[in-house]
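Model, not experiment: these values are computed from the prediction. Both counts, for ligands and for their atoms, begin at 1 and track the order of listing.
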Amino acid sequence: MRTVTAATLGFVAFLIVSSGHAKSMDQGRAEAQALELAKQAIALRSVRGPGNQVPQVATLFKSALTAGGFDDADVTITPVDDTAFLIARWKGLDPKLKPLVISGHMDVVEAKPSDWERDPFTPVVENGLLYGRGASDMKLDDALAVATLVELKRRGYKPRRDIVLAFSGDEETTMKTTQMIATALSNAEMLLNVDGTGGQLDPEGKPQYFNWSGAEKTYADFELTVTSPGGHSSRPYEPNAINQLSAALVRIGEHKFKPELSELTRSYFAAAARYEKPQVAAAMRAFAADPTDSKAIAVLTANPATIGKIGTTCVVTMINGGHALNALPQRASANINCRIFPGHPRAQIMEELQRAAADPAVQFKDISEGSVATEASPMRADVVGAITRAIHISYPALPVFPTMSAGASDSMWFRNQHIPSYGVSPLFIKDSDRFSHGLNERIPVDDIRPSISYLVSLFTDLSK
Ligand SMILES: [Zn+2]
């Protein structure tokens with residue numbers, strides 16, 4: 001945090017009482033703190049495995065919170081294996097109200113310095129972009145949330161309901177800490193996850209629209225296996241395990257899941273259509289009006305960017321079979337990866353695949369790890385209103401609409417506890433700068449100012 005002299009503090013305090021302009025002036029401290037915290041967090045290599053520095057990231061954020069007015073006892077860091085999670089509680093005036101939980105994650109995906117143009121764990125700001133692993137996913141978001149809470153303390157804000165900041169330490173891998181947090185906070189009123197979605201900038205850097213996420217698809221892996229006694233390849237006989245599995249895979253490949261529309265995706269298609277080319281736009285509008293419109297379904301199915309939004313998709317991703325060049329296969333197996341439309345248990349989708357395979361010799365096994373099926377969160381008027389108002393502070397009249405994420409974020413484990421959960425990252429980015437999980441990850445630093453205004457408004461609106 002920047003050092004502020006007593007004289008400056010007095011000046012700021014004077015402005016707060018005397019002028020509306022003081023707010024943005026005072027907010028400058030939160031903006032500076034967010035950037036500084038983000039840089040310090042990026043410099044900590046919080047990657048799963050030996051030397052994982054998630055605990056140090058947690059300590060960094062805890063120090064900022066306690067320096068900003070949180071009681072030491074109200075900010076806990078819980079070590080779990082090589083990682084940790086952080087929970088900070090700001091007690092509200094009315095203990096009967098359920099808490100507002102603000103969530104994020106402190107871990108990042110591995111980054112190999114040799115592949116990057118700059119060292120991924122040495123943060124640098126260049127040409128208005130903050131570079132480093134975690135810049136967009138999601139150390140700046142974390143830092144913004146922390147700096148906003150400190151800013152609210154500074155302004156003397158008193159929430160009516162508890163505000164609980166919950167940062168997980170393994171979102172990118174096992175989500176063990178997320179599950180622990182979601183269980184511990186299962187009485188939450190709602191979850192605001194500052195990870196994911198956010199605003200879209202056009203190629204010139206002009207804001208186009210803002211998305212928040214109210215649902216995500218369920219990840220699933222199903223292993224299909226066919227076995228056979230095998231034998232010498234000079235004495236072939238049917239059934240052959242590889243032939244049998246191949247035929248089943250072809251039938252599964254031809255299987256179409258029923259297109260689906262939810263309240264949330266209807267709202268998405270209706271609003272997002274205007275940013276698409278005419279044919280896709282017309283199909284999106286037609287599908288939003290009638291999810292059985294076969295012409296619209298054909299267009300949206302043929303488009304990789306929209307096929308996942310109109311229903312469950314399953315695709316074969318791995319195949320394995322045989323054991324020798326001159327032997328009949330004793331075993332053939334394949335992996336089918338599915339992204340399930342919210343509201344369906346995995347078992348139901350597996351049964352549908354079994355019916356499509358139409359061969360009892362093909363054995364199915366759900367081998368999905370770390371994934372639970374979840375329902376879409378309701379489009380609550382208070383949440384929709386608060387997000388829209390918060391965005392319009394810096395971007396008046398900008399279209400704001402919900403979307404369904406491909407999954408899986410920390411929100412999955414909170415939705416699994418029946419907590420309405422919303423992805424609400426304030427960051428705007430161009431498509432050409434989207435490098436989460438990839439090389440040369442970056443985020444525009446110009447995002448910081450509107451993000452603080454947005455989070456201040458959002459957190460107060462939903463906790464007062
Ligand atoms: Zn993330």
Side-chain angles (χ1 to χ4, degrees), residues 34 37-39 41-42 44-49 52-54 57-58 60-61 80 83-86 101-111 120-121 123 130-146 148 165-182 191-200 210-219 339 369-372 374 377 403-416 421-429 431 433-444 447 451 455:
L37 279 175
K39 285 183 177 171
I42 287 169
L44 295 164
R45 196 179 171 284
S46 55
V47 176
R48 185 191 190 181
N52 187 350
Q53 292 191 302
V54 165
V57 178
L60 170 74
F61 290 143
V80 180
T83 187
F85 64 87
L86 174 144
V101 178
I102 296 156
S103 90
H105 63 85
M106 300 179 286
D107 59 316
V108 293
V109 171
E110 176 66 293
F121 301 104
L130 168 64
Y131 285 85
R133 170 56 90 227
S136 66
D137 186 14
M138 57 165 299
K139 284 175 169 172
L140 179 57
D141 293 279
D142 291 336
L144 286 162
V146 169
T148 299
L165 184 70
F167 284 167
S168 64
D170 51 5
E171 192 264 1
E172 301 289 5
T173 55
T174 61
M175 295 197 184
K176 191 169 161 185
T177 62
T178 316
Q179 289 177 63
M180 294 167 79
I181 295 170
L191 177 89
L192 300 178
N193 185 352
V194 289
D195 189 13
T197 61
Q200 180 71 31
F210 181 83
N211 272 158
W212 53 274
S213 172
E216 63 187 34
K217 295 185 86 179
T218 305
Y219 181 102
R339 308 299 171 121
E369 272 180 28
S371 163
V372 280
T374 58
S377 295
T403 186
M404 175 172 70
S405 309
S409 75
D410 280 339
S411 301
M412 176 179 75
W413 286 105
F414 290 90
R415 289 201 183 100
N416 186 51
S421 303
Y422 305 94
V424 294
S425 167
L427 301 176
F428 279 70
I429 195 163
D431 279 339
D433 284 330
R434 282 188 199 278
F435 285 92
S436 289
H437 297 199
L439 288 177
N440 307 319
E441 184 179 343
R442 54 201 184 242
I443 196 79
D447 279 350
S451 292
L455 291 176

J.: Taking atom types as modelled, find out whether Ser425 and Asp141 have a side-chain donor-acceptor pair closer than 3.5 angstrom.
T.: yes

J.: Look at the side chain of Asp170 and the backbone N and O of Lys176, then say whether any donor-acceptor pair between them is shorter than 3.5 Å.
T.: yes

J.: Measure distances from the Zn ion (ligand 1) and count the protein N, O or S atoms below 2.8 Å.
T.: 4

J.: Are any side-chain N or O atoms of Arg415 and backbone N or O atoms of Ser421, one a donor and one an acceptor, separated by less than 3.5 Å?
T.: yes

J.: Indicate yes or no for a side-chain donor-acceptor contact from Glu441 to the backbone of Arg133 under 3.5 Å, with no hydrogens or angles considered.
T.: no

J.: Distance check, rounded to the nearest 0.5 Å: Thr177 atom OG1 versus Asp107 atom CG?
T.: 7.0 Å

J.: When you measure from the side chain of Ser371 to the backbone of Tyr219, do you find a donor-acceptor pair of N or O atoms at a distance under 3.5 Å?
T.: yes

